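None of the values given here were measured: they were computed from a predicted structure.
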Amino acid sequence: MGERPATPTAPELVLETDLGSTVMSPSRDYHVGRDPGSDIVIDDDRVSWHHAVLHPEDGHWTLEDEDSTNGTYTAGRRIHASDVGAGSEIRFGNPSDGPRAVLLGREPPSPAATPSADRPSAVSMPAATGTFRQPTTVRPLPARTVRIGRDAGNDLVIDDLVVSRHHAELRALADGTYEIVDLGSHNGTFLNGQPVARGPVGPGDIVGIGHSAFCLVGDSLQEFVDTGEVSLDVQDLEVTVGRAGKGGKTLLDKVSFPVGEKCLLGVVGPSGAGKSTLLNALTGQRPADRGTVLYDGRDLYRDFAELRQRIGLVPQDDILHAQLTVRKALGYAAELRFPQDTAKAERQARVTEVIQELGLEQRADQPIHSLSGGQRKRVSVALELLTKPSLLFLDEPTSGLDPGMDRSVMHMLRGLADDGRTVIVVTHSVLSLEVCDRLLVLAPGGRIAYYGPPEDALAFFGFEEWPEAFEAFENDRDRDWAATYAGSPFRRQYIDNATAQPHLPPAAPGAMVAPPPKTRNWGAQLNTLVRRYASALSADRTFLIIMIALPFVMGAMARALAGSRLTQETAMNALLILCVGGVLTGAANAVRELVKERVIYQRERAVGLSRSAYLMSKIVVLGTITVLQAVVLTLVGLVGVDLGAPGGEGVFLPPLVEITLAVALLSFTAMMLGLLVSALVRKEEVTMPLLVLLAIVQVVFCGALLKLHGVPGVEQLSWLVPSRWALGAMAGTIDLARIVPGELTSDPLFEHAAGIWLLNMGMMVVLSLLFGYVVAKLLRRREPAVMRK
């Protein structure tokens with residue numbers, strides 16, 4: 001459908017039919033017909049496949065009949081071409097009772113309603129309001145409140161598990177206007193793509209709830225359901241790292257291509273060609289610096305808050321807790337993604353449905369770590385299919401698989417596309433590209449070297465095998481692959497002539513997508529995360545053995561050093577072993593837990609996981625385990641030992657109780673420090689060396705081996721070491737300076753005084769809070785860019 005240069009003198013009009021309204025911009029033609037690809041689709045046997053076209057001219061619009069069988073009529077007479085404008089009535093197929101359209105004038109939008117503000121532009125609305133799609137239902141608009149939700153008692157029932165039982169209300173106001181009010185829903189209510197708690201709704205506005213969109217057209221409410229058969233239109237995407245002209249590097253360079261409904265698109269190219277960058281730009285993980293991504297005609301970046309639920313992303317690494325069974329992993333994911341008011345039976349039914357769809361019935365109760373690589377990838381896909389996404393993206397799904405599994409996974413994706421989804425797969429494998437509908441080949445520098453049918457790609461490049469083509473990309477750096485394709489018939493046929501969406505002006509550099517609404521069910525998420533994490537840990541036998549054995553081993557060492565009574569020779573060493581044991585138990589529990597789940601966290605965060613709920617779930621589960629370990633460690637080491645406290649009393653409580661509290665708080669603080677390390681590192685392999693370094697630092701700066709008080713720099717550095725305060729609290733409990741006189745024990749933090757003991761304990765609390773705050777900031781840095789806004 002050809003675009004025309006903008007004609008600013010031609011008026012902007014609204015074309016109203018029985019199925020909806022279309023805002024017509026004077027920058028392009030509008031085709032009318034029975035063809036689903038038409039701008040205005042009229043499903044009537046009297047209307048031809050390509051019936052008529054509306055042209056913007058200088059100061060007016062022209063209606064032309066495209067040699068239709070039954071004719072086009074204005075003012076009761078058949079026309080071949082006629083000027084039309086506001087007030088014109090058009091009939092298609094019959095002058096008296098044929099499908100009717102009326103042209104209405106359109107006032108210039110107010111500043112608050114321009115495309116750059118919160119309301120969508122007229123060009124990007126049609127796909128959601130009926131220009132390209134007919135409404136699922138049309139109902140009279142009542143002059144009262146319309147309750148919307150999943151529950152059967154609502155006025156408007158939406159059978160969609162991502163919709164809350166009582167989701168929103170469309171309220172009729174006294175002045176005849178309407179407003180939409182969100183009722184504290186799980187996944188939010190959206191007005192023109194933006195999350196709202198309450199907002200006015202006028203003609204042409206889009207109210208998004210789950211997979212449904214609603215629009216006021218005249219005196220009716222039209223519903224459009226996203227059934228999955230959507231298109232994607234990529235326009236001039238550019239991504240640059242660094243500053244332009246000052247050493248900046250272009251990762252994507254004006255990448256444009258269309259992806260049709262139920263299409264399987266393969267994306268290949270040499271390393272460094274920008275495949276992962278493109279994937280991040282298309283999914284909103286890292287929006288492009290310039291350019292537009294249209295999801296069925298809607299600006300994905302602008303409406304990301306609403307459309308994110310319709311996008312599934314399967315990263316290269318598994319997004320699953322491998323210790324859980326397939327059914328349990330999918331069950332916990334369903335709890336997080338579906339509203340809290342979803343019944344357990346409803347969630348289980350959906351889990352069973354996707355298990356059957358992916359052919360995992362025989363593996364449903366098997367631990368994920370025991371599955372083959374291809375089966376694990378199927379489980380990752382099943383997790384994404386829970387919410388019935390229309391767009392499914394996969395990053396290297398066949399990486400590490402043998403040729404048989406590679407073929408199996410690609411044919412699975414072919415089936416998913418045939419079932420009514422648009423699937424885009426980034427891959428290095430070229431073994432099964434023939435199952436794709438379209439192939440995108442990226443050349444170094446992030447430019448399109450080929451886009452079209454996969455069977456024509458090698459012949460286009462002039463090679464017989466793919467390895468030869470990739471070698472040429474690497475070795476023939478002077479060849480302009482993108483320019484060759486830009487001038488080819490493939491470009492004209494498969495990009496220029498296949499792009500049905502109007503070309504939008506590029507977004508401003510650095511434009512960001514709007515973040516999703518804040519999570520309203522923090523407590524429910526925390527509950528699910530705690531139960532899932534506890535289940536995963538309890539299923540890890542190696543972790544359980546180490547967790548149980550470590551406090552007993554360290555406690556036995558402390559017992560051997562303490563003997564039956566703390567003396568001048570044994571007291572300091574026994575307390576030091578308790579410090580080391582507390583640090584090791586706490587830090588060892590946590591030092592791997594965030595880095596090993598980073599891919600899982602990033603994906604779940606993108607679909608609405610609360611950062612604070614995730615972090616708190618780690619603190620609750622690991623904190624409980626760590627405190628219990630600390631209690632066991634202290635009791636094994638000191639029960640029955642004469643602690644030598646003055647008068648047999650501690651500062652506030654019995655000595656054994658105070659020491660147990662100090663070790664427990666030390667272990668908890670060390671656990672928080674372990675989480676900090678885990679959030680800081682990039683690879684799980686480096687955590688163990690850092691754990692050893694952490695233990696050494698705790699020993700050196702606790703005050704048992706070196707004099708710290710009064711040593712400039714060293715003393716201040718020791719304030720950040722939890723064992724420094726823990727040893728001080730334990731030493732104060734037993735009055736260590738009295739048992740072991742000397743320069744080390746004259747440290748003011750070792751005094752047997754209430755204020756000093758509370759200072760030592762309080763500083764460990766402060767350090768725990770400080771470490772937790774830093775962990776939250778580090779988690780934010782690892783999130784998709786849209787979630788950091």
Side-chain angles (χ1 to χ4, degrees), residues 12-23 86-87 102-122 124-126 128-131 135-158 160 163-225 302-303 305-306 339 341 514 517-518 520:
E12 193 172 69
L13 299 176
V14 178
L15 181 77
E16 284 202 352
T17 69
D18 292 339
L19 297 177
S21 60
T22 302
V23 179
V102 177
L103 288 172
L104 303 175
R106 178 174 168 86
E107 295 181 1
S110 65
T114 59
S116 61
D118 293 336
R119 295 167 62 92
S121 66
S124 63
M125 285 171 53
T129 57
T131 301
T136 308
T137 59
V138 179
R139 65 192 73 213
L141 196 59
R144 58 178 177 80
T145 296
V146 178
R147 294 172 298 167
I148 307 172
R150 204 176 73 252
D151 190 87
N154 288 289
D155 301 303
L156 204 163
V157 179
I158 302 178
D160 185 350
V163 175
S164 298
R165 289 192 179 279
H166 302 284
H167 197 106
E169 289 183 348
L170 182 65
R171 296 176 179 172
L173 303 179
D175 60 359
T177 62
Y178 291 84
E179 68 172 358
I180 189 71
V181 179
D182 184 79
L183 301 179
S185 64
H186 176 89
N187 287 312
T189 300
F190 302 87
L191 181 60
N192 298 326
Q194 304 303 311
V196 293
R198 177 192 299 266
V201 181
D205 285 333
I206 308 169
V207 175
I209 297 177
H211 290 83
S212 298
F214 301 90
C215 184
L216 302 182
V217 179
D219 57 354
S220 66
L221 179 66
Q222 298 188 356
E223 178 183 6
F224 304 82
V225 178
R302 188 198 60 218
D303 295 351
E306 177 184 352
D341 58 20
K518 291 186 177 181
R520 292 190 173 96

Can you pull out every salt bridge (charged side-chain N to carboxylate O under 4.0 Å, His left out) where at least one residue sits in residues 187-203? Sequence neighbours excluded, please. Glu179-Arg198
Please check: side-chain N/O of Asn192 versus main-chain N/O of Ile206, any donor-acceptor pairing under 3.5 Å? yes
With a 4.5 Å heavy-atom cut-off, do [X] and [Y] have their side chains touching?
| X | Y | answer |
| --- | --- | --- |
| Leu216 | Asp205 | no |
| Leu156 | Phe214 | yes |
| Thr145 | Leu170 | no |
| Ile180 | Arg171 | no |

Looking at [atom1] of [X] and [atom2] of [Y], how far apart are the two atoms once the value is rounded to the nearest 0.5 Å?
| X | Y | atom1 | atom2 | answer |
| --- | --- | --- | --- | --- |
| Leu191 | Glu306 | CG | CD | 9.5 Å |
| Leu183 | Thr189 | CG | OG1 | 7.5 Å |
| Arg147 | Arg165 | CZ | CZ | 14.5 Å |
| Ser164 | Ile158 | OG | CD1 | 10.5 Å |

Pair Glu223, Ser212: side-chain N/O donor-acceptor within cut-off below 3.5 Å: yes
Would His167 and Ser185 count as having a side-chain donor-acceptor pair, cut-off 3.5 Å? yes
Looking at residues at least two apart in the chain, or sitting in another chain, which of them share a side chain to side chain donor-acceptor pair (under 3.5 Å) with [X]?
| X | value |
| --- | --- |
| Thr177 | Asp175 |
| Asn154 | none |
| His166 | none |

Which heavy atom of Ile209 sits nearest a heavy atom of Ala168, and at what distance? CD1-CB, 4.0 Å
Go through the structure and list residues passing salt bridge (Lys or Arg N to Asp or Glu O under 4.0 Å) with Asp341, not counting sequence neighbours. Arg150
